[in-house]
Number of protein chains: 2
Amino acid sequence: METTLTDLSTENCPIGRTLDVIGTTWTLRVLREAFFGVRRFVDFRERLGVSSALLTERFGLLVEHGILVRTAYEEPGQRTRYEYRLTEKGRELYPVMTALREWGERHVLDDDGPPVLVRHRECGAAVGVALVCEHGHTVGVRDVEATPGPGARLRAEQPESRS
Amino acid sequence: METTLTDLSTENCPIGRTLDVIGTTWTLRVLREAFFGVRRFVDFRERLGVSSALLTERFGLLVEHGILVRTAYEEPGQRTRYEYRLTEKGRELYPVMTALREWGERHVLDDDGPPVLVRHRECGAAVGVALVCEHGHTVGVRDVEATPGPGARLRAEQPESRS
DNA sequence: CAGTATCCCAAGCGATACTG
DNA sequence: CAGTATCGCTTGGGATACTG
């Protein structure tokens, strides 16, 4: 009998793994602010309305995972400040943000339209994500085929559930 | 003085709104299973390893938001069964899933490679998401410009934080 | 099977106070 | 400013038992 997708373990699923890292309640909102250009601790805290303790903990995790970096900087004549910036690994989450934004703009937006317009700097057209294949074709959800890959693992046998 | 992005309220942010709907701990995993083709209550429960109570609650929310539909069906000679399927609105979350998957495959994958291969049915090439503008250009994160849109709202004044 | 109901523990998180 | 520490509430969610 052929192995189908639903025979596979979800344990090493890249979606689940990603959610383990960024899928907790405030983490993606913190990253959203980072993509907005927010850098300083207080600014994150005030914009998100969260406690210092929570923010400290989230920053710790994100730095640990290499998604943000904490750097000190001095403005002349000022105290030392710290800032949190996206790393390249963090910046690669932009498609996730964009996909979330597009869905939200389509389905859960107020009547007055999007609060932020995101456009291609060179031509001014709205930016979003598209499903594409490596040959450059635009792909619909229905045109996609999913099959077990090299990392596929069978999940532990259920004791043969008979209804 | 010009209004900048960081002056805006985050209250009506489409990313935040989307996360309010699907950003809770198990919800995206439930949807992942739905995209895998899982339909029946027990199958979701066994694959995710969650309790009935949790699953019931999540299904309730997702149906309420029009992301899943619950339908009864009868197999001849069998009891009535129920299944949960993605609606069109739910299927539109596929780019979100794909973006999460791609990031995970790049950054948090085991050495043995992806458990699932996702390919374009017609040409066999791997499928992912790409940032594009409406004029069809492929766009880099750095080529994007974000400005306040029609739904922009100023956030409540902070009492002028002076460091 | 597809849930509902109850009980209870643990994690998430805000509030507050304090520190370098 | 950029945190750390503590407290205590509230929610999330597992375990178990029961129902149509």
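Note that the structure is predicted; figures quoted are calculated from it, not measured. Here is the naming used below: chain letters follow the sequence lines, and residue numbers restart at 1 for every chain.
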Partners passing salt bridge (charged side-chain N to carboxylate O under 4.0 Å, His left out) against [X] (at least two apart in sequence or in another chain):
X      : answer
A:R17  : A:E11, B:D110
A:E64  : none
A:R121 : none
B:R39  : none

Per-pair distances, 0.1 Å, donor-acceptor, side chain in residues 89-100 of chain A, under 3.5 Å, sequence neighbours excluded:
from: A:K89; atom 1: NZ; to: A:H65; atom 2: O; distance (Å): 2.8
from: A:R91; atom 1: NH1; to: A:E88; atom 2: OE1; distance (Å): 2.7
from: A:R91; atom 1: NH2; to: A:L86; atom 2: O; distance (Å): 3.4
from: A:E92; atom 1: OE1; to: B:H107; atom 2: NE2; distance (Å): 2.5
from: A:T98; atom 1: OG1; to: A:Y94; atom 2: O; distance (Å): 2.8

Side-chain N or O of A:Y84 closer than 4.0 Å to phosphate OP1/OP2 of D:dC1 | no
Counting just side-chain N and O atoms, does A:R70 come under 4.0 Å of either OP1 or OP2 of D:dG3?
-> yes
Would you mind reading off the distance between [X] atom [atom1] and [N] atom [atom2], rounded to a whole angstrom?
X     : N     : atom1 : atom2 : result
B:R39 : C:dA2 : CZ    : C1'   : 17 Å
B:R45 : C:dG3 : CZ    : C1'   : 9 Å
A:R81 : D:dA2 : CZ    : C1'   : 10 Å
B:L55 : C:dA2 : CG    : P     : 10 Å

Can A:R29 and A:E33 be counted as an ion pair, charged N to O under 4.0 angstrom?
-> no
Sorted by chain and residue number, the side-chain contact (heavy atoms from CB on, under 4.5 Å) partners of A:S51 (sequence neighbours excluded) come out as A:A53, A:L54
Runs of at least three consecutive Watson-Crick or G-U pairs, both distances under 3.5 Å, are what I'm after; which ones involve DNA chain D?
-> C:1-20 with D:1-20
When every nucleotide of nucleotides 4-20 of chain D is labelled 5' to 3' by its protein contacts under 4.0 Å (heavy atoms), B for base, S for sugar-phosphate only, - for none, what sequence of letters results?
-> B--------SS------
Sorted by chain and number, sequence neighbours left out, ring-ring contact (aromatic ring centres under 6.0 Å, His included) with A:H135 holds for none
